[in-house]
Amino acid sequence: MITVAPSILSADFGYLTNILDDIAKVTDHCHLDIMDGHFVPNITIGPPVVKSLRKHSNLYFDCHLMIENPRKYLESFKEAGADLTTVHIEVGKTLELIDQMEDLQLSKGLALNPDTDFSHVVPYLEKVDLLLIMSVFPGFGGQTFMLEALDKLRLASKYREENNLSFRIEVDGGVNLLTAPGCIDAGADILVVGSAIFESEQPIGIISALKSLAIGIRH
Ligand code: DX5
Ligand code: ZN
């Protein structure tokens, strides 16, 4: 089953609650991009905003932490209502962060940047619920999908099958109606889609189209 995870990064932040209501009509998942201005050059939202959104929405909150020091904030995200938190392998202390997420009863995600080799995440794959493969350099929406991500998706999918593991595979960056089929074919289970949805005139229509396309390719 393929999940479409709208990334609200490209949405109009002045209307977030309305947008979450609209998203909930067609999917149960929402990808929240948390940026600290250090790990990535951009700054977005933090736990207080997640907490406010949680009061208005029952969507599954998939919090992608593009922050240098997740250890300091994981508890706040849990309290704010995050369901899943994803930390980047590049920030280090991965085992400790996974243990912390486990203790907080957060679903555990691990992300890797386009220039990080798949081998770096392998030692942690049996401990995580989700592997997030970046198909752009993190920091901004609206970038072009990097085709190299397809190789990484295939490697992750093959590794999961060969080792009988169950983590879900998420792809993030430049995913749209043209690039999604290749991602699904290569093994992605969750498609993060920002600008293709929110810069369209018909956001709900795009989510529905992505879902139909996914059903046609793989269940
Ligand atoms: C980029 C973020 C993405 C971003 C995707 O750093 O992690 O989630 O919102 O946006 P698009 O789909 O526009 O590439
Ligand atoms: Zn993201």
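Numbers here simply count residues along the sequence, with the first being 1.
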## Note on the structure
One should read off an interatomic distance between Ile206 CD1 and Glu199 CD, to the nearest 0.5 angstrom, of 11.5 Å
### Task
May I ask you to test the Ser157-Leu153 pair for a side-chain heavy-atom distance under 4.5 Å?
no
### Task
Kindly say whether Pro48 contributes a backbone atom to a donor-acceptor pair with the side chain of Ser52 at under 3.5 angstrom?
yes
### Summary
Between His29 and Ala5 the two heavy atoms that sit nearest each other are CD2-CB, 3.4 Å
#### Entry: In one Ile/Leu/Val/Met/Phe/Trp/Tyr side-chain cluster, 4.5 Å: Leu165, Ile190
no
### Message
If I compare all heavy atoms of Ile184 with all of Leu213, which pair ends up nearest, and what's the gap?
### Response
CD1-CD2, 3.9 Å
### Task
Give a yes or no on this: more than 12 heavy atoms of other residues, nucleotides or ligands lie within 6.0 Å of atom CG of Asp12.
yes
### Query
Quick one: do Phe145 and Val193 end up in the same hydrophobic cluster if we chain Ile, Leu, Val, Met, Phe, Trp and Tyr together by side-chain heavy atoms under 4.5 Å apart?
yes
### Message
Quick one: does any side-chain atom of Lys51 pair with a main-chain N or O of Ser76 as donor and acceptor, under 3.5 Å?
### Response
no
### Task
Please round to the nearest 0.5 Å and tell me the distance separating atom CG of Asn42 and atom CG of Asp33.
9.5 Å
### Task
Taking the side chain as every heavy atom from C-beta outward, state whether His88 and Asn113 have any atom pair closer than 4.5 Å.
yes
### Message
With a 4.5 Å cut-off on side-chain heavy atoms, are Leu53 and Phe61 touching?
### Response
yes
### Query
Side chains of Leu131 and Leu125: closer than 4.5 Å at any heavy-atom pair?
yes
## Note on the structure
Rounded to the nearest 0.5 Å, the CG atom of Asp36 sits from the NZ atom of Lys72 at a distance of 10.5 Å
### Query
Looking only at heavy atoms, which two atoms of Leu20 and Ser57 are closest? And how far apart?
CD1-CB, 3.7 Å
### Query
Just how far is it from atom CD1 of Ile215 to atom CG of Leu210, taken to the nearest 0.5 Å?
11.0 Å
### Query
Do Ile43 and Phe39 sit in the same hydrophobic cluster, where Ile, Leu, Val, Met, Phe, Trp and Tyr count as joined when their side-chain heavy atoms come under 4.5 Å apart?
no
### Task
Output, in order, the C-alpha distance, side-chain angles, deciding distance and verdict of side chain to side chain contact (heavy atoms under 4.5 Å, CB included) for Leu97 and Val91.
CA-CA 10 Å; Leu97 292 171; Val91 303; 4.0 Å; yes
### Query
Where do Thr144 and Val136 land on the side chain to side chain contact (heavy atoms under 4.5 Å, CB included) test, with the steps shown first?
CA-CA 7 Å; Thr144 302; Val136 299; over 6 Å; no
### Query
Can you get from Val40 to Ile34 by hopping between Ile, Leu, Val, Met, Phe, Trp and Tyr side chains that sit under 4.5 Å apart?
yes
### Query
Is Lys158 paired with Glu162 through a side-chain N to carboxylate O contact shorter than 4.0 Å?
yes
### Task
Could you tell me whether a side-chain N or O of Arg54 sits under 3.5 Å from a main-chain N or O of Leu59, the two making a donor and an acceptor?
yes
### Message
Within the structure provided, determine whether Ile67 and Val87 are in side-chain contact (heavy-atom separation under 4.5 Å).
### Response
no
### Task
Mind listing the closest non-hydrogen atom pair of Leu9 and Gly141 along with its distance?
CD2-N, 3.6 Å
### Summary
Value for CD1 (Ile133) from CG (Asp151), rounded to nearest 0.5 Å, stands at 10.5 Å
### Message
Checking the side chain of Asn163 only, and the main-chain atoms of Tyr159 only, is there a donor and an acceptor separated by less than 3.5 Å?
### Response
yes
### Steps toward side chain to side chain donor-acceptor pair (under 3.5 Å) verdict (Ser107, Asp83)
CA-CA 6 Å; Ser107 289; Asp83 294 293; over 6 Å; no
### Query
Taking everything shown except Tyr60 itself, do over 12 heavy atoms lie less than 6.0 Å from its OH?
yes
#### Entry: Nearest heavy atoms of Ile8 and Cys30, plus distance in Å
CG2-SG, 3.9 Å
### Query
Does some side-chain heavy atom of Ile207 sit less than 4.5 Å from a side-chain heavy atom of Pro6?
yes
### Query
What are the two closest heavy atoms between Cys183 and Leu191, and how far apart are they?
CB-CD2, 4.0 Å
Side-chain donor-acceptor pairs of residues 167-180 under 3.5 Å, sequence neighbours excluded:
unit_1 : atom_1 : unit_2 : atom_2 : d
Arg168 : NH1    : Thr3   : OG1    : 3.3
Arg168 : NH2    : Met1   : O      : 3.1
Arg168 : NH2    : Thr3   : OG1    : 3.1
Asp172 : OD2    : His31  : NE2    : 3.2
Asp172 : OD2    : His64  : ND1    : 3.2
Asn176 : OD1    : Leu178 : N      : 2.8
Asn176 : OD1    : Thr179 : N      : 2.8
Asn176 : OD1    : Thr179 : OG1    : 3.2
Thr179 : OG1    : Gly174 : O      : 2.9
Thr179 : OG1    : Asn176 : N      : 2.9

### Message
Looking at Pro114, is its backbone amide N or carbonyl O close enough to the side chain of Lys152 to form a donor-acceptor pair, meaning the two atoms are under 3.5 Å apart?
### Response
yes
### Summary
The complete set of ring pair (Phe, Tyr, Trp, His ring centres under 6.0 Å) pairs with one or both residues in residues 98-144, sequence neighbours excluded, reads none
### Query
Does some side-chain heavy atom of Met101 sit less than 4.5 Å from a side-chain heavy atom of Thr85?
yes
#### Entry: ILVMFWY cluster, Ile45 and Val192 together (side-chain gap under 4.5 Å)
no
### Task
Check whether any side-chain N or O of Lys78 sits under 3.5 Å from a backbone N or O of Leu84 as a donor-acceptor pair, and report yes or no.
no
#### Entry: Short N-O contact, Asp99 and Lys108, less than 4.0 angstrom
no
### Summary
Between the CG atom in Asp189 and the CG atom in Leu130, the distance rounded to the nearest 0.5 Å is 8.5 Å
### Task
Inspect the surroundings of CZ in Arg71 and state if more than 12 heavy atoms from other residues, nucleotides or ligands are less than 6.0 Å away.
no
### Task
Look at atom CG of Asn58 and say whether more than 12 heavy atoms of other residues, nucleotides or ligands are closer to it than 6.0 Å.
no
### Task
Check whether any side-chain heavy atom of Leu110 lies under 4.5 Å from a side-chain heavy atom of Leu132, and answer yes or no.
no
